Amino acid sequence: MNNKDISDILFAVAEYFTMFDEPFKARAYEKVAESLSSFDNDIRKIYKDGGRKSLEEISGIGKGIAQTIEEYIQTGRVRELESMRKKMPVNMEELRSIEGVGPKAIKTLYKKLKIKDVATLKKAALAGKIQKLENFGVKSEQKILKGIEFFESSRGRFLLGEALPIARRIADDLRNVSGVSRVEIAGSIRRWCETSGDIDILVEASNADAVMSTFTKREDVAHIIAHGETKSSVRLKDGIDVDVRVVAKKSFGAALIYFTGSKDHNVLLRSLAIKKKLKLNEYGLYNGARIIAGATEEGVYKSLGISIPPPELREGKNELKKVFTKLIGFQDLRGDFQTQTDWTDGVDSIEAMVRTAKQLGHEYIAITDHTKSLAMTGGSDEKKLRRQMREIDVLNKKISGIQILKGAEVNIMRDGTLDISDEVLGELDIVGAAVHSHFNLSESEQTERIMRAMSNPHIDILFHPTGRVLKKRDPYALDIDKIVAHAVATGTVLEIDAHPWRLDLKDDHIKRGVDAGAMFSIDTDAHSLAELSYLEYGIGQARRAGLSKNRVLNTLALPALQKFLATPKQKRHLL
DNA sequence: GCCGTTTTCGGCCCGACTGTTTTCAGTCG
């Protein structure tokens, strides 16, 4: 049981309260659930050390919620939730993942049509039963069907941001098994693909038995799919499948190539081997019966006469023929240009965000809270922005070793104008612009709108350019090549939003930018301290696109960055 | 259910958008 489990339970309670028309209780639970999901300290430990009282010291937690958390920690259950579930036994998590279906809709759907999950929802929608319900119509029925389509196409695949932490946890545990000398995460995760179907882990060990039994007996295993001498598969309680294989040292490199993939890459490699009258499999590269390489990846590629491609580029395209430009490295970024704080919809204070960024080794961090037309976030108007600038001045004096840049995530209005005056934008160090509404404009309208915003001399970066949310919302209709060309023409930097739900721009779009000569930034879009470590997801996407360090703004040291920002937009360049 | 330099009771971030309606409920962020 960790913070996420507790957070999930509180979310569930909140959802039910919403259904039972208790909006304020719901909001109270929701708030705590949100803050716990990115809370740095272990709640269970806080409770064990200081009891219920210490829970109540956390902002947002009072007597009631402290009791709920206590009950859950002690018994693993929450009676109130169970009794509400009895009244309305629906698969809330599944139904809520359909866009446009909220708690109230779920309530009506259950009461009128006994809809419990996506399967029964789909049946009812296809039968035209939903459009007849009060407050529903033909359009809402169609919207639900579209949502189900989306749900089905992305089911079974996990976001990189979900799969990678799980894979690392398992890999770390396996490293502690005696006799284990090496553990690597392979598969699509190693290639930094934005989603993964499963987790592949490769182990080099003298004692395969111990590895297999430790792995299959994990607490987070829901059931064992296979348990063999060198290979086991399990399904975790999270729903994701994990394969672990144990291989001998002399085959580790060949196995790592094989299990890293992609499938298409392996096909290319094997046909290359055949051309050279060799044979490649997961145990090694063979000349007849004699093994000529296998212990290391380098050795196998070298014996095939090619240089080793970074895992991110092993997609079965032209990676065997290509000479690789040096990709941006995971340690190359010196700062972050998109972060939100508790001034708007972030969780943590500016000071806390800055101190954490400093711990991460950043030389600078831009504070980019939302602006006024995003009222739901408490977005800043000109006055509030100026107040924030004064606070940043104070903090810059107080905190040494990192520069805080005054910024904003300015909202792009329907017509492409901005919701903050040019005068105030001019006072900021760095400004990002982003779309948060009117997602349904035609491609040409949407493209024109964004290009107009990019033409503003104060807009340094276009934030999350296509607006997608993985597994949830498609990107808005956009002519990406026009946007890229306009970025180059105006000197606007294109963001690679590293937030694991966004990864926006995506790899293919980054590639188009690379080809067109655009400049990029890689930012976390962090709304809490924990999210400040998301940069690696963006770097992974950048590497998949072949992006090199010298095209990325936040690889610059602070003085060079300041010089860049002091240059008029049109004249800016990185190379 | 939580909280207090506008309150220990009475509010609770709130505006846009959609699709349903004919003045509004639900969802989203």
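In the text below, chain A, chain B and the rest are named by the order of the sequence lines, each starting its count at 1. All values derive from a computational prediction rather than experimental measurement. In what follows, every heavy atom counts, from backbone to side chain, and hydrogens, waters and symmetry copies are set aside.
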Return the nearest nucleotide to the side chain of [X]; candidates are [options].
{"X": "A:H438", "options": "B:dC28, B:dA16, B:dG1", "answer": "B:dA16"}
{"X": "A:A105", "options": "B:dT27, B:dG1, B:dA16", "answer": "B:dT27"}
{"X": "A:R27", "options": "B:dC28, B:dC2, B:dC13", "answer": "B:dC13"}
{"X": "A:A28", "options": "B:dT20, B:dT27, B:dC2", "answer": "B:dC2"}
{"X": "A:K104", "options": "B:dC17, B:dT20, B:dG26", "answer": "B:dG26"}
{"X": "A:K139", "options": "B:dT20, B:dG1, B:dC13", "answer": "B:dT20"}

Return whichever of A:I106 or A:E56 has its heavy-atom-nearest nucleotide of DNA chain B closer to the 5' end.
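Nearest nucleotide further toward 5': that of A:E56.
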
Would you mind telling me which residue lines up with the more 5' stretch of DNA chain B, A:V101 or A:E141, judged by nearest nucleotide?
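First, find each residue's nearest nucleotide; the 5'-ward one identifies A:E141.
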
Reckon [X] touches a base, only the sugar-phosphate, or nothing at all at heavy-atom distances under 4.0 Å?
{"X": "A:P103", "answer": "sugar-phosphate"}
{"X": "A:V469", "answer": "nothing"}
{"X": "A:R414", "answer": "nothing"}
{"X": "A:K143", "answer": "nothing"}
{"X": "A:F17", "answer": "nothing"}

For the residue pair [X] and [Y], what are the closest heavy atoms and their distance?
{"X": "A:D419", "Y": "A:E382", "result": "O-OE2, 4.1 Å"}
{"X": "A:I450", "Y": "A:P465", "result": "CD1-O, 4.3 Å"}
{"X": "A:L95", "Y": "A:V118", "result": "CD2-N, 3.9 Å"}

For [N] versus [M], give the span between their [atom1] atoms, rounded off to a whole number of Å.
{"N": "B:dC13", "M": "B:dT27", "atom1": "C1'", "answer": "16 Å"}
{"N": "B:dC3", "M": "B:dT8", "atom1": "C1'", "answer": "9 Å"}
{"N": "B:dG11", "M": "B:dA16", "atom1": "P", "answer": "24 Å"}
{"N": "B:dT7", "M": "B:dC12", "atom1": "C1'", "answer": "12 Å"}
{"N": "B:dG26", "M": "B:dT21", "atom1": "C1'", "answer": "13 Å"}
{"N": "B:dG19", "M": "B:dT23", "atom1": "C1'", "answer": "14 Å"}
{"N": "B:dT6", "M": "B:dC14", "atom1": "P", "answer": "15 Å"}

Does the structure show A:F136 stacking with B:dT20, if we require the centres to be closer than 5.5 Å and the planes to be within less than 30 degrees of parallel?
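No, the aromatic ring of A:F136 does not stack with the base.
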
Do A:D336 and A:T339 get their side chains close enough for a donor-acceptor pair, meaning under 3.5 Å?
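Judged by distance alone, the side chains do not pair up.
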
Can you find a side-chain donor-acceptor pair between A:D504 and A:T466 that sits under 3.5 Å?
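Yes.
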
Taking only N and O in the side chain of A:S140, is any of them less than 4.0 Å away from OP1 or OP2 of B:dT20?
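Answer is yes, contact under 4.0 Å.
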
Applying a 3.5 Å limit to both distances, which nucleotide forms a Watson-Crick or G-U wobble pair with B:dG15?
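For B:dG15, the partner nucleotide comes out as B:dC28, under the 3.5 Å rule.
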
Interatomic distance, A:R44 atom CZ to A:D49 atom CG [nearest 0.5 angstrom]:
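The CZ atom of A:R44 sits 12.0 Å away from the CG atom of A:D49.
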
